[in-house]
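Remember, predicted model here, so these are calculated numbers, not experimental data. Whatever order the structure lists them in is the order used to number ligands and atoms, beginning at 1.
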Amino acid sequence: MTHLSKATCEACNADARPVSDAELAELLGQLPDWRCEVRDGVRQLERAYRFRTFKQALVFTNAVGGIAEAENHHPALLTEWGKVTVTWWSHSIKGLHRNDFIMAARTDQLAERAEGRS
Ligand SMILES: C[C@H](O)[C@H](O)[C@H]1CNC2=NC(N)=NC(=O)C2=N1
């Protein structure tokens, strides 16, 4: 089975299939630091990363923006002093697609290489 971070996103349109409850559990098992939140009935994947400085948080924020642009799949990003909260979901299906788990795994890869993690 391909690790999520090595998988590629597929084009996701309004009739794409959301992950099932069983797939959600299985995919979350591969992303132990992420949690599933439900906001206005929309399932979202979320993780906070901590940094020593705001500048390092901002550098990481821009790096996540870079992979989002490359894959045309975009997160919500909350950048604070010492912390970046990343939230992935698929707007087109108002829920979670396999793409969101791929991008969460790719986000973890960026974090592993980021400066100033605390
Ligand atoms: C037109 C463009 O491809 C779409 O709007 C893309 C852009 N980025 C996106 N990002 C996310 N998270 N969900 C989407 O449905 C989405 N759709």
Side-chain angles (χ1 to χ4, degrees):
M1 173 180 63
T2 312
H3 186 267
L4 280 170
S5 62
K6 300 282 183 284
T8 50
C9 291
E10 61 185 59
C12 180
N13 46 40
D15 54 12
R17 186 178 63 80
V19 296
S20 65
D21 291 352
E23 287 166 328
L24 173 65
E26 194 271 325
L27 290 163
L28 273 179
Q30 297 180 51
L31 296 167
D33 297 310
W34 290 76
R35 60 182 189 277
C36 181
E37 300 289 350
V38 182
R39 297 190 175 99
D40 299 328
V42 177
R43 281 177 166 175
Q44 302 175 340
L45 279 184
E46 189 160 286
R47 178 179 178 179
Y49 299 88
R50 294 195 177 277
F51 295 87
R52 283 196 292 274
T53 67
F54 184 80
K55 180 174 180 183
Q56 289 161 335
L58 206 49
V59 167
F60 175 69
T61 300
N62 280 287
V64 178
I67 64 169
E69 282 293 284
E71 296 289 344
N72 191 33
H73 196 70
H74 302 87
L77 292 162
L78 173 60
T79 303
E80 305 169 84
W81 182 86
K83 184 177 173 184
V84 179
T85 304
V86 184
T87 308
W88 291 100
W89 78 99
S90 295
H91 302 259
S92 52
I93 61 172
K94 294 184 176 57
L96 287 175
H97 184 274
R98 182 176 165 76
N99 289 347
D100 298 298
F101 295 85
I102 292 167
M103 295 308 284
R106 296 275 300 283
T107 307
D108 279 348
Q109 277 189 325
L110 286 179
E112 283 156 24
R113 295 197 291 266
E115 293 286 314
R117 291 257 333 267
S118 59

Should the pair Arg43-Asp100 be classified as a salt bridge under the 4.0 Å nitrogen-to-oxygen rule? no
From CA spacing to verdict: side chain to side chain contact (heavy atoms under 4.5 Å, CB included), Phe51, Arg117: CA-CA 4 Å; Phe51 295 87; Arg117 291 257 333 267; 3.7 Å; yes
Checking contacts here: is it the side chain or the backbone of Trp88 that comes within 4.0 Å of ligand 1, counting heavy atoms only? Could be both or neither. neither
Under 4.0 Å from atom 17 (N) of ligand 1, is there at least one protein heavy atom? no
Measure across Thr107 and Met103 and return the closest heavy-atom pair with its distance rounded to 0.1 Å. OG1-O, 2.6 Å
Considering only heavy atoms of Trp89, which atoms of ligand 1 have at least one such atom less than 4.0 Å away? 11 (C), 12 (N), 13 (N)
Might you check, step by step, whether the distance between atom 8 (N) of ligand 1 and some protein heavy atom is under 4.0 Å? yes
re atom 10 (N) of ligand 1, the protein heavy-atom contact at minimum distance is His74 N, 3.0 Å
Name the closest protein heavy atom to atom 14 (C) of ligand 1, giving the residue it belongs to and the distance to 0.1 Å. His91 N, 3.6 Å
Ser90 heavy atom under 4.0 Å from ligand 1: yes
Which residue and heavy atom of the protein sit nearest atom 2 (C) of ligand 1, plus the separation: Asn72 ND2, 3.6 Å
Looking only at heavy atoms, the pair that brings Ser5 and Ala105 closest together is N-CB, 3.6 Å
Closest heavy-atom pair, Ala14 versus Ile93, reported as atoms and distance to 0.1 Å, is O-CG2, 3.8 Å
Any side-chain heavy atom of Trp88 within less than 4.5 Å of one from Asn99? no
Could you find the nearest protein heavy atom to atom 15 (O) of ligand 1 and give me its residue, atom name and distance? Ser92 N, 2.9 Å
To check you understand the geometry: which heavy-atom pair defines the closest contact between Leu27 and Leu4, and what is its length? CD2-CD2, 3.8 Å
